[in-house]
Amino acid sequence: DTGVSQDPRHKITKRGQNVTFRCDPISEHNRLYWYRQTLGQGPEFLTYFQNEAQLEKSRLLSDRFSAERPKGSFSTLEIQRTEQGDSAMYLCASSARMARAFFGQGTRLTVV
Amino acid sequence: EDQVTQSPEALRLQEGESSSLNCSYTVSGLRGLFWYRQDPGKGPEFLFTLYSAGEEKEKERLKATLTKKESFLHITAPKPEDSATYLCAVQAGVGANSKLTFGKGITLSVRP
């Protein structure tokens with residue numbers, strides 16, 4: 001169990017630029033989640049994959065956000081035309097079936 | 001819509017001073033209630049899962065309990081290293097998505 005890995009840990013970008021984050025889940029976990037956390041708030045659900053299928057997207061996920069999980073392994077979250085309101089910690093989690101979710105250390109995005 | 005409310009928002013304790021953190025929830029069909037610990041700049045770390053009213057779980061100085069409307073995280077004789085944000089989350093509803101709905105968290109500071 002090497003844990004959930006996220007890359008990069010920190011990203012500073014200019015408003016209007018596109019950014020992409022990567023998540024490598026625990027290898028035997030078929031479920032993968034993306035959450036967003038802002039200061040003083042708990043994590044908010046963004047999207048969910050079971051294997052390679054994206055089964056649910058939150059209403060929080062605007063058209064500028066897209067996520068993929070090719071071949072049911074790692075996942076990427078892309079934000080196009082970033083806005084200052086996108087500044088947050090982006091957390092990835094994985095789980096096996098209905099078991100507890102393990103979180104990565106997150107990617108801290110700052111949009112300037 | 002599932003709702004999770006944690007109180008108080010912040011708690012300052014003297015080392016050895018026991019206390020409880022509260023998590024109230026409103027969900028349709030609770031499947032599990034989770035407690036996580038989060039250190040600054042890190043991802044949430046799993047502590048407990050509770051599934052039914054009356055259930056209790058313990059780990060070192062922490063004990064989690066569950067009723068039909070709320071959960072408590074009791075901290076007995078806390079130490080400075082217990083300082084962190086404690087997050088409560090629920091997993092609810094039917095279907096394959098096992099996403100979590102989080103509260104805002106309780107920031108605990110333990111003074112030596």
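Naming: A, B, ... by sequence-line order, numbering from 1 per chain. Given the structure is predicted, the values throughout are model-derived calculations rather than measurements. As a basis for the values below, the full set of heavy atoms in this structure was taken, side chains included, without hydrogen atoms, waters or symmetry mates.
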Query raised in the report: At their closest point, which heavy atom of L87(B) faces which heavy atom of G42(A), and how far apart are they?
Result: CD2-CA, 4.1 Å
With a 4.5 Å cut-off on side-chain heavy-atom distances among I, L, V, M, F, W and Y, is there a chain of contacts connecting [X] to [Y]?
X	Y	result
F72(B)	V4(B)	no
I75(B)	L47(B)	yes
W34(A)	I79(A)	yes
F102(B)	Y86(B)	no
F65(A)	F49(A)	yes

Requested in this report: Determine, using ring centers only, whether Y36(B) and F103(A) are less than 6.0 Å apart.
Outcome: yes
Requested in this report: Look at E1(B) together with R59(A) and state whether they make a salt bridge at an N to O cut-off of under 4.0 Å.
Outcome: yes
Query raised in the report: Counting heavy-atom pairs under 4.5 Å to chain A, which of G32(B), G103(B), P44(B) comes out on top?
Result: P44(B)
Evaluate whether atom [atom1] of [X] has more than 12 neighbouring non-hydrogen atoms of other residues, nucleotides or ligands under 6.0 angstrom away.
X	atom1	value
E68(A)	CD	no
R61(B)	CZ	yes
K79(B)	NZ	no

Query raised in the report: CG/L91(A) to NZ/K42(B) distance, rounded to the nearest 0.5 angstrom?
Result: 13.0 Å
**Report entry** Proximity breakdown for Q38(B) and chain A, heavy-atom pairs closer than 4.5 Å
**Finding:** side chain
Query raised in the report: Does the cation-pi check pass for K99(B) over Y48(A), that is, NZ or CZ under 6.0 Å from the six-membered ring centre and within 45° of its axis?
Result: no
**Report entry** 4.5 Å side-chain heavy-atom contact, L100(B) and Y35(A)
**Finding:** yes
Query raised in the report: Under 3.5 Å, is there a donor-acceptor pair between the side chain of Q105(A) and the main chain of G43(B)?
Result: yes
Query raised in the report: If you tally heavy-atom pairs under 4.5 Å against chain B, which of C92(A), A93(A), A101(A), G106(A) wins?
Result: A101(A)
Report summary line: Honestly, the part of Q37(A) sitting under 4.5 Å from a heavy atom of chain B is side chain
